[in-house]
Amino acid sequence: MGGNLGCHRSIPKDPTDLNRSKRKFSAACNFSHILVNQERLNINTATEEELMTLPGVNRTVAQNIVEYRECIGGFKKVEDLALVSGIGATKLEAIKLEICVSSKNGSSQHSPSSVRKDHEHLPCTGMNINTATPAQLMSIRGITEKIAKSIVEYRCEHGPFKSIEDLVKVNYINSSLLDKIRFQVFVERSRTPSTNTNGGFTCLTKTQPSPTSYSLRSEDLDLPPGGPPQILSARPTVEVPPSLRDGRAVLRVATWNLQRCSSEKANNPGVKEVVCMTLLENDIRILAVQDLLDQDALDKLCVELNQPMLCVVRRWRETRGVWKCCVSDTPTGHTPKGAHYSGFLWDSSCGIELREASILENPVANGNGNSTGKHSLPYLGRFYVGSSELTLVNVHLHSSPPSGQEGNGRGHNTNGRGHNTNGHKATPLSGKVQEILKGEKEVCVLGEFGVACDGSVMEALRKEKMTPLVPPSVLTNISTSAPRGTLSIHNIWISRSLKKIYTGHCSVVREGLTNPWIPNNWSWGGVASDNCPVVAEFFVDIVPKEPGRHGNGIARVDRGDVMPKHER
């Protein structure tokens, strides 16, 4: 997907040049009350004429800034400027490296050393030299590849930098170069708790370490530059579901549309934390995933579960398991925004093994073996679960627009007949799915269906006596503006034989789906996906594992060393 996290704003680019040419001011401008940091303009004290020296700011916009500033009693942070009429997120990106925020009593009458001290108390901008990777450091004007590597090597050997001045201890950096890059970097080693709400949800629980606190010496996690340095990740306090129901072991299976999940999105520390901790906190052992833009995106989440770098995941109090994943060889669907894949993620330490994974092609195909039309193709996974077998049909259906209208690839509120209120019609199930339903016993069809379970396109499932676990009144999507959801388009349908071992427990996970490191329009604290995970619970035959330890001990059956080619 490139630099895009689903429907969210692209992760901000690194600052590349703060040493711009000096701004030319009118001779009538009074500089005595402006705190100047390398030609940065204090938007809390600047006059209209001074604000007009910023790129794209005319007289009207400058007046709007001054009027808004007076109404709110001064800007608290640079990002507040985006709320001014005529600015917005785009224009803010163009000018934010030329502006700063300080109190109205701020003054530029300081020695160079005192100006540097004042700068350290301003909102952090630029690059954190204690977490930046070599590639990110090279985006700083004056930092070459050799210098970037030297910074990281010094950091690994001596620990995090305590101040910007410590950079002179690094090879190839002298005081002259330090002065050039001083205002492009900052140092941050520890983070204090914040009362900020977590992406729209008021957080009353104990805060966890920031995603960046996992290891200041590691470069494997790609931290988005410009992230929220003063906001901590906060996971809600949850009670892990029991591993036994009525004295019998249970298995939890879930479905989750990760919403245009590219490799870049999967690398985002906030997305990683949300996905991994949601699996662990809800004791999910098999996850059907939809809407993967890159085939290796799921593998990155799998690696975090097995070899966690995030402090929250590493400190998980229960067993984390041994996770594996598989992704379809070819795209399972196409939308106007591009192709997408489907996959499975499972905990093999529970005795779960993948027997087979394949795409269910439509009966009509072209000469290349690819399905004709734009229908999404289900992705089938046959699993051994202890001594039993379980077939999962992973679907990702969209609502198609009426003729002559462009679809958005998302479901809407439906009228119960397979249409939504905007006239969009739900995509029908593949003919191959109906064949599978007739020949399989323990089969589960799960994923995004585009409509509620009472839609007419679900008739094929009802005809095979399958049962939906999520009623149409339960909403399965989420956003920071609508945390309780607006749509019911995700579900888990089970066959008659599975209904016999269904525990009666099914849930839509709504808590803990946001993170401060996930972009949310021009701010931070968004959701990992606009779709909620749906979890169903089944009784299984097990052999007891370790007493006193959480986790299922599903019986293992020796089936040789056969491993599906899709498995990673």
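The basis for the numbers below is simple: all heavy atoms, side chains too, and nothing from hydrogens, waters or symmetry mates. Predicted, not measured: the structure shown is a model, and the values here were computed from it.
Residues satisfying the side chain to side chain donor-acceptor pair (under 3.5 Å) criterion with T467, sequence neighbours excluded, are absent altogether. Partners of R382 under the salt bridge (Lys or Arg N to Asp or Glu O under 4.0 Å) rule, at least two apart in sequence or in another chain, are E356, E440. With sequence neighbours left out, F344 forms a ring pair (Phe, Tyr, Trp, His ring centres under 6.0 Å) with Y379, F383.
Annotation: side chain of I494 is in contact with side chain of F538 (closest heavy-atom distance under 4.5 Å). The shortest side-chain heavy-atom distance between H396 and T332 does not fall under the 4.5 Å cut-off. Side-chain atoms of P308 and R320, non-hydrogen and from C-beta on, do get closer than 4.5 Å to each other. With a 4.5 Å cut-off on side-chain heavy atoms, L397 and E448 do not count as touching. C444 places none of its side-chain heavy atoms less than 4.5 Å from the side chain of T391. Between W524 and P516, every side-chain heavy-atom pair lies at or beyond the 4.5 Å cut-off. Side chains of V385 and L251 form a contact here, defined as non-hydrogen atoms less than 4.5 Å apart. Between W256 and V275, some side-chain heavy-atom pair lies under the 4.5 Å cut-off.
When each of N491, L469, L475, T476 is tested with V508 by the rule side chain to side chain contact (heavy atoms under 4.5 Å, CB included), just one qualifies, namely T476. The only option from I518, V527, T514 that meets the side chain to side chain contact (heavy atoms under 4.5 Å, CB included) definition with V274 turns out to be I518.
Residue L301 holds its CG atom at 8.5 Å from CG of L279, rounded to the nearest 0.5 Å. Residue N268 holds its CG atom at 13.0 Å from OG of S263, rounded to the nearest 0.5 Å. A distance of 9.0 Å separates CH2 of W323 from CG of N306, quoted to the nearest 0.5 Å. For the atom pair NZ of K300 and SG of C325, the computed distance is 11.0 Å after rounding to the nearest 0.5 Å. For the atom pair CH2 of W346 and SG of C302, the computed distance is 8.0 Å after rounding to the nearest 0.5 Å. Atom OG of S495 sits about 10.5 Å away from atom NZ of K499, to the nearest 0.5 Å.
Sorted pairs that involve residues 518-528 and meet salt bridge (Lys or Arg N to Asp or Glu O under 4.0 Å), not counting sequence neighbours, are lacking altogether. Sorted by first and then second residue, the pairs that involve residues 455-480 and meet salt bridge (Lys or Arg N to Asp or Glu O under 4.0 Å), not counting sequence neighbours, are E459-R462.
Summarising the geometry of P472 relative to C453, their closest heavy-atom pair is CD-SG, 3.4 Å, with the distance given to 0.1 Å. Taking every heavy atom of both residues into account, G270 and N515 meet most closely at CA-OD1, 3.1 Å. Between G525 and N520, the closest heavy-atom pair is C-CB, 4.1 Å. Contact detail for D541 and S388: the closest heavy-atom pair is OD2-OG, 4.5 Å. Closest heavy-atom contact between L354 and G381: CD1-CA, 4.3 Å. Listed here is the closest heavy atom pair of I478 and P483: CG1-O, 3.5 Å.
With hydrogens and angles disregarded, a donor-acceptor distance shorter than 3.5 Å links the side chain of Q295 to the backbone of D329. Using a distance-only test at 3.5 Å, with no hydrogens or angles considered, a donor-acceptor pair links the side chain of S529 to the main chain of N531. Judged purely by atom type and a 3.5 angstrom limit, N128 uses its side chain to pair as donor or acceptor with the backbone of N130. Under the 3.5 Å distance criterion, the side-chain polar atoms of R285 are left unmatched by any main-chain donor or acceptor of V253. Proximity of a side-chain donor or acceptor of T319 to a complementary backbone N or O of G321 within less than 3.5 Å is not detected. Of the possible polar contacts, none joining the R245 side chain to the E537 backbone as a donor-acceptor pair under 3.5 Å is found. Although no hydrogens or angles enter the test, the distance criterion places a donor-acceptor pair under 3.5 Å between the side chain of S479 and the main chain of A482.
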task = May I have the step-by-step check of side chain to side chain contact (heavy atoms under 4.5 Å, CB included) for M309 and E304, ending in yes or no?
result = CA-CA 7 Å; M309 297 175 58; E304 177 62 28; 4.0 Å; yes

request  = Under the side chain to side chain contact (heavy atoms under 4.5 Å, CB included) rule, what do L280 and V240 come out as? Steps first, then yes or no, please.
outcome  = CA-CA 8 Å; L280 297 175; V240 180; over 6 Å; no

query = Does the pair L345 and L305 meet the rule for a side chain to side chain contact (heavy atoms under 4.5 Å, CB included), with working shown?
reply = CA-CA 11 Å; L345 184 63; L305 284 164; 4.0 Å; yes

request  = Walk me through it: do K265 and Q259 pass the test side chain to side chain contact (heavy atoms under 4.5 Å, CB included)?
outcome  = CA-CA 10 Å; K265 177 174 178 177; Q259 193 187 9; 3.9 Å; yes

Mind listing the side-chain donor-acceptor pairs of residues 286-293 below 3.5 Å, one per line with the distance, residues two or more places apart or on another chain?
residue : atom : partner : partner atom : Å
Q290    : OE1  : N257    : N            : 3.2
Q290    : NE2  : T255    : OG1          : 2.9
Q290    : NE2  : A288    : O            : 3.4
Q290    : NE2  : N394    : OD1          : 2.8
D291    : OD2  : R260    : N            : 2.9

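Counted by atom type alone, S243 and D283 present zero donor-acceptor pairs between their side chains at under 3.5 Å.
Ring centroid separation for the pair H340 and H334 does not come in under the 6.0 Å cut-off.
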